[in-house]
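Working notes, structure below.
If you're wondering where the values come from, they're calculated on a predicted model, not measured in any experiment. Sequence positions, counted from 1, serve as the residue numbers for this chain.
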Amino acid sequence: MTLTKEIMGKSMVEPFRFEASKGPFNLKRCSKQHRISLSPTFYCSVETTNDQDKKKKMMQQTVSPLSTFIEGDESRRDLAAWKPAPETVMVTVTATVTIKNSKHVENEMMWSMMLRHFETFNKTMYERGMVMQLVSTEVDPRTMETKVSKNAVLEFMKDMRMESPRTTYKVQFEIDSDFGLPGAITVVNKYEKEIFLEDIVIEGMFHFSCNSWVQPENHNPEKRIFFSNKVHLPWETPAGLRELRKEELRQARGDGKAERKHSDRIYDFDVYNDLGNPDKTRQDSRPIFGGQQYPYPRRCRTGRPPSVHDQNAETPVNAFNETYVPRDEVFDGIRMESLDVERTKGITRNLFPFFKTCVTKCGAFKQLSDVTSIYSGKTFHESKYEDVSNKIQAYFDDHFKFNTPNIIRGNNSGFCIRDEELGRQTLAGINPLSIKRLETFPPKSDLDPSIYGPQESALKDEHILLQLHGMSVKKALEEKRLFVLDYHDAYIPFLKGINAQEDRKAYATRTIFFLTRLGTLKPIAIELSLPHGYPNCLSKQVLTPPEDSNSYWLWQLAKAHVCSNDSGVHQLVQHWLRTHACMEPFIIAAHRQLSVMHPIFKLLKPHMKDTMQINALAREALINAGGIIESDFSCGKYCNHIVSAAYKDGWRFDMEALPKDLIRRGLAEPDQTKPYGLKLLIEDYPYANDGLSVWFAIENWVRTYVTYYYHDGLMVQSDNELQTWYSEVINVGHADHREASWWPRLSTPSDLISILTTLIWIASVQHSAVNFGQYPYGGYVPMRPPLMKRLLPKKDDPEYEDFMKDPEGYILSSMPDLFQTTKFLAVVNILSQHSTEEEYLGERKDLTDWSCDPEIIEAFYRFSMELKTIEKEIEKRNKDPNLRNRCGPGIPPYELLMASSGPGATCRGVPNSISI
């Protein structure tokens with residue numbers, strides 16, 4: 001409790017005291033064991049908790065209009081005897097209302113001032129204001145209707161301070177003396193513009209955390225409902241709030257009809273039918289993703305009208321028709337401004353490359369210095385800029401050059417990727433989720449040979465035997481020393497289409513790694529596959545570490561194709577699918593089925609923030625037809641086909657939990673003698689080492705939380721909101737997997753703990769692991785090219801002679817040109833940025849959600865402190881010279897799973913939610 005008082009303040013966690021002299025709402029906070037109701041004058045008997053054998057003291061006290069009646073635990077309480085006042089009287093209580101100032105509010109204020117100045121007020125103008133009504137937790141026993149206050153009107157334009165980011169106001173409610181506890185407030189906005197309501201506090205004690213836009217009545221005539229911060233399971237809902245709880249969810253669900261307006265707060269599901277533009281050209285048309293043919297998670301429904309040329313597709317967004325997301329999910333002003341600043345920098349950084357590539361046709365890289373000059377700024381700073389002042393030079397540096405990414409410091413050669421660095425990054429890079437243990441050799445394909453032809457691997461024992469340090473292949477498999485990056489099945493079904501595109505050439509790669517005695521992974525063979533029957537090419541070829549100059553450059557080119565495969569799978573599957581796309585159905589269903597009073601909604605709230613908005617922006621510019629992903633990655637217009645195939649055959653929610661994922665990939669085995677009950681087969685696996693520490697910290701926090709509110713399985717099974725939420729996730733949000741047998745059950749507190757831990761892990765840690773290192777680890781294109789333009793040359797190819805004369809130039813010409821490179825860098829730089837408003841794991845800006853549950857606040861404090869301890873442990877690991885995958889000359893420390901960070905592309909920090 002001492003720790004809790006430090007966080008929340010003493011007055012918020014001490015029990016309520018009766019202080020008649022201080023007027024209405026003279027209550028202090030109560031402990032968990034007590035419930036509070038309000039009555040007029042009463043006589044109260046209180047049992048002392050320190051010594052239950054002491055004689056009970058009777059005290060009589062008159063409590064002004066909103067008085068307390070403490071109902072203790074059944075086994076320890078005395079029923080308080082109370083007697084009503086002779087008659088009901090009207091009393092006044094005061095609320096403090098905080099409104100966030102915005103351009104909408106400022107415009108409304110200017111309009112009001114102008115009308116006042118010209119004395120043109122009419123009846124409509126006099127009716128302007130925020131009309132509020134206080135709602136009791138009780139019903140009137142005579143009418144069985146909820147007790148409510150008289151309407152109170154807040155005309156905040158009179159006192160608004162435009163220079164301040166927010167303004168507070170006082171509002172007085174008139175209520176009956178037997179009103180009871182305030183449980184909700186309804187609000188109607190009579191102004192012409194939407195208003196952002198931050199919070200309302202009644203008499204300094206009863207908090208209503210709103211943080212929501214209130215639309216003008218002429219846009220949405222429904223009253224906005226804001227509940228107090230008290231947690232209520234469905235069956236605990238006070239009688240006065242039951243209908244409002246239903247109404248709140250009804251408003252969030254909408255009626256499933258009509259096009260969504262910008263001001264709506266409606267959450268609903270739809271398939272991905274808005275990625276193409278069939279009304280533009282046939283080439284811009286895309287399939288409907290979501291359904292039997294192309295399984296896909298569901299996204300937020302916008303209700304836009306159908307395309308003219310395809311009635312199953314939505315009209316695409318344009319400059320006048322942005323993608324709808326529920327109003328409260330839209331980025332706030334500061335975050336959107338920060339994003340716009342980075343977008344502007346991205347555009348300016350691409351001006352000269354665009355001119356050089358597309359106008360003068362001189363954008364191809366000729367030598368390595370052409371690439372490195374992107375980071376020094378020499379590409380843009382010609383001789384005429386050499387004598388400008390330092391201030392102007394700094395401006396050009398900020399707006400026209402890119403920062404040197406961390407990955408270059410870990411690659412001394414400066415060209416392509418070194419063997420040991422390729423192995424290290426499979427464990428401590430931007431994609432540590434694809435590496436698997438090789439259980440059979442040669443590896444096998446799961447593709448249907450009747451569709452894709454024979455898929456036997458070309459890998460033989462003789463290809464790797466000399467790299468096994470005297471071991472046989474069988475012995476290496478038995479000792480669990482062989483690992484694989486296997487992208488064969490992910491790419492083969494789409495390679496014919498991919499390679500038919502202009503300036504796109506790709507293989508389906510397999511890379512075999514050997515675990516050395518030092519705990520590092522060494523690539524020992526690369527298999528490059530093309531579709532069966534591919535013209536003028538072997539369908540499969542194997543390359544091994546080089547023995548001469550010719551094989552050296554072929555090996556470098558093969559590794560570039562491996563990294564290009566890895567870059568595509570990372571962006572499409574590990575990043576977009578497994579975090580962004582698969583999380584959205586859980587968020588939509590939570591808003592539709594869980595009341596804001598529900599404890600699980602309050603737990604998940606910070607982990608759902610901004611995800612729907614960033615996913616909408618992705619559909620506008622990243623994964624849409626002709627978007628950044630199609631333009632900058634080898635897969636081109638087949639990007640979402642690869643996502644769909646991975647979702648159909650590889651995604652399982654039950655395997656998204658970190659321990660199960662590690663076991664499934666053969667990277668860990670159950671072992672109760674080891675920390676966390678797992679034995680890592682690669683002991684120095686930074687993602688797993690750090691991730692397991694954070695996973696179990698989250699699990700401990702969630703276990704404390706869930707068991708506080710759910711004492712047994714019956715409570716979980718009886719929670720209709722909780723069960724409906726989970727059912728809707730499965731049957732609607734992930735409808736293409738509704739029949740899968742692997743969905744976890746939701747019958748016990750343990751089931752709920754596992755599900756919630758996985759969701760929080762995905763939204764915070766998993767996303768951070770695959771997102772915030774994109775520029776630091778992927779910002780040097782020769783080492784990690786997002787696309788390739790040429791296959792390996794054959795001796796009878798006309799270009800083979802070019803390869804022999806200038807192998808470095810040949811490889812550079814196989815990669816993105818200058819404009820493609822800077823466009824790609826601008827995007828991944830934006831995606832790697834932390835906002836100045838970021839809220840990180842272990843942080844909450846508002847703990848008043850649990851102000852009546854100090855045990856929960858104290859548990860959250862312990863969780864926060866545990867994360868800080870984990871950060872210190874990670875710092876120690878990064879300095880341990882025995883851990884060669886995270887410490888050594890030129891090796892950047894692995895910090896992606898350290899919870900805290902400052903703003904910018906820091907290559908560390910775990911935000912609470914998927915917000916970029």
Might you work through the side-chain contact (heavy atoms from CB on, under 4.5 Å) test for I588 and V732, ending with a clear yes or no? CA-CA 10 Å; I588 297 172; V732 184; over 6 Å; no
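- Taking 4.5 Å as the limit, some side-chain heavy atom of S901 sits within range of a side-chain heavy atom of R908.
- Between S634 and N565 the shortest side-chain heavy-atom distance does not fall below 4.5 Å.
- Salt bridge status for K674 with E683: absent, with no side-chain N to carboxylate O gap under 4.0 Å.
- Panel note: side chain S727, backbone Q723; no donor-acceptor pair is recorded below 3.5 Å.
- Counting only N and O atoms by type, the side chains of Y894 and N689 include no donor and acceptor under 3.5 Å apart.
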Test side-chain contact (heavy atoms from CB on, under 4.5 Å) on D719 and Y710 and set out the steps. CA-CA 10 Å; D719 189 334; Y710 296 91; 2.5 Å; yes
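- Taking CG of D661 as the reference point, atom CD of Q766 lies at 7.0 Å (rounded to 0.5 Å).
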S915 and E838: side chain to side chain donor-acceptor pair (under 3.5 Å), yes or no, with the steps? CA-CA 9 Å; S915 57; E838 204 80 85; 3.2 Å; yes
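- In this structure, OG in S913 is found 13.0 Å from NZ in K605, a value given to the nearest 0.5 Å.
- Between H734 and W743, the two ring planes are tilted [angle within 30° to 60°].
- At least one donor-acceptor pair under 3.5 Å links the side chain of Y685 to the backbone N or O of P432.
- In this structure, the separation between NZ on K436 and CZ on R665 is 8.5 Å, given to the nearest 0.5 Å.
- In this structure the side chain of W742 reaches within 4.5 angstrom of the side chain of R652, judged on heavy atoms.
- Residues I629 and L572 share a closest heavy-atom pair of CG2-CD2, 3.6 Å.
- Annotation: side chain of I856 is in contact with side chain of Y709 (closest heavy-atom distance under 4.5 Å).
- Although no hydrogens or angles enter the test, the distance criterion places no donor-acceptor pair under 3.5 Å between the side chain of K522 and the main chain of T516.
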Does the salt bridge (charged side-chain N to carboxylate O under 4.0 Å, His left out) test come out yes or no for R424 and E421, once each step is laid out? CA-CA 5 Å; R424 191 189 73 82; E421 183 66 8; 3.0 Å; yes
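- A pairwise comparison of heavy atoms in A560 and M788 identifies CB-CE, 3.8 Å as the closest pair.
- Relative ring orientation between Y487 and Y491 is described as perpendicular, the plane-to-plane angle rising above 60° on a 0-90° scale split at 30° and 60°.
- In this structure, T758 contributes its side chain and S754 its backbone to a donor-acceptor pair below 3.5 Å.
- Looking at heavy atoms from C-beta onward, F863 lies in side-chain contact with L867 at the 4.5 angstrom threshold.
- Just one residue in the list D566, L433, N771, T579 forms a side chain to side chain contact (heavy atoms under 4.5 Å, CB included) with Q574, and that residue is L433.
- Proximity of a side-chain donor or acceptor of S768 to a complementary backbone N or O of S764 within less than 3.5 Å is detected.
- Here the OG1-CG distance, from T748 to D751, works out to 3.0 Å after rounding to the nearest 0.5 Å.
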Does I762 form a side-chain contact (heavy atoms from CB on, under 4.5 Å) with R578? I'd like the steps, not just the answer. CA-CA 8 Å; I762 293 170; R578 292 180 63 182; over 6 Å; no
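- Partner W761 forms a ring pair (Phe, Tyr, Trp, His ring centres under 6.0 Å) with one of W701, W695, F696, F653 and no other, that one being W695.
- Using a 4.5 Å heavy-atom cutoff, the side chains of L722 and H598 are in contact.
- Partner of I512 under the side chain to side chain contact (heavy atoms under 4.5 Å, CB included) criterion, chosen from D486, I524, V542, I526: I524.
- Side-chain polar atoms of E527 and H488 form no donor-acceptor pair below 3.5 angstrom.
- In this structure, the side chain of R298 engages the main chain of Y296 through a donor-acceptor pair within 3.5 Å.
- Of all heavy-atom pairs spanning G519 and N885, the tightest one is O-ND2, 3.1 Å.
- Neither side chain, S900 nor E843, offers a donor N or O lying under 3.5 Å from an acceptor on the other.
- Donor-acceptor pairing under 3.5 Å is recorded for the side chains of H575 and H580.
- Sparse packing is recorded around CZ of R745, with 12 or fewer heavy atoms of other residues, nucleotides or ligands lying under 6.0 Å away.
- Atoms CG and CG, on L658 and L692 in that order, are 4.5 Å from each other to the nearest 0.5 Å.
- Taking the charged nitrogens against the carboxylate oxygens, K872 and E875 have no contact shorter than 4.0 Å, which rules out a salt bridge.
- Heavy-atom minimum distance, F633 versus G568: CD2-CA, 4.1 Å.
- Under the 3.5 Å distance criterion, with hydrogens and angles disregarded, a donor-acceptor pair is assigned to the side chains of N878 and R886.
- The closest donor-acceptor contact from the side chain of Y705 to the backbone of P599 lies under 3.5 Å.
- Listed for the D690 side chain is no donor-acceptor partner under 3.5 Å among the backbone atoms of E895.
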Trace of the side-chain contact (heavy atoms from CB on, under 4.5 Å) decision for R437 with L681: CA-CA 9 Å; R437 180 166 61 86; L681 298 183; 3.4 Å; yes
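- Remark: side-chain polar atoms of E584 are paired, donor with acceptor, to backbone N or O of C300 under 3.5 angstrom.
- Counting heavy atoms from C-beta on, the side chains of N700 and E866 come closer than 4.5 Å.
- When ring centroids are compared, F289 and Y647 stay outside the 6.0 Å threshold.
- Under 4.0 Å is where a charged nitrogen must lie from a carboxylate oxygen, and between E669 and K480 at least one such pair does.
- By the 4.0 Å N-to-carboxylate-O rule, D684 lies too far from R877 to be salt-bridged with it.
- For the residue pair F269 and A589, the shortest heavy atom distance occurs at CZ-N, 3.8 Å.
- Across P405, S832, C907, a single residue satisfies side chain to side chain contact (heavy atoms under 4.5 Å, CB included) together with Y777, and that is C907.
- Side-chain atoms of E420 and T520 form no donor-acceptor pair, as typed in the model, at a separation below 3.5 Å.
- The two residues A645 and F494 make their nearest non-hydrogen contact at CB-CZ, 4.1 Å.
- Contact check for R517 versus R481: side-chain heavy atoms found under the 4.5 Å cut-off.
- Side-chain N or O atoms of N640 include one that pairs as donor or acceptor with a backbone N or O of I623 at under 3.5 Å.
- Between I464 atom CD1 and L438 atom CG the span is 7.5 Å, to the nearest 0.5 Å.
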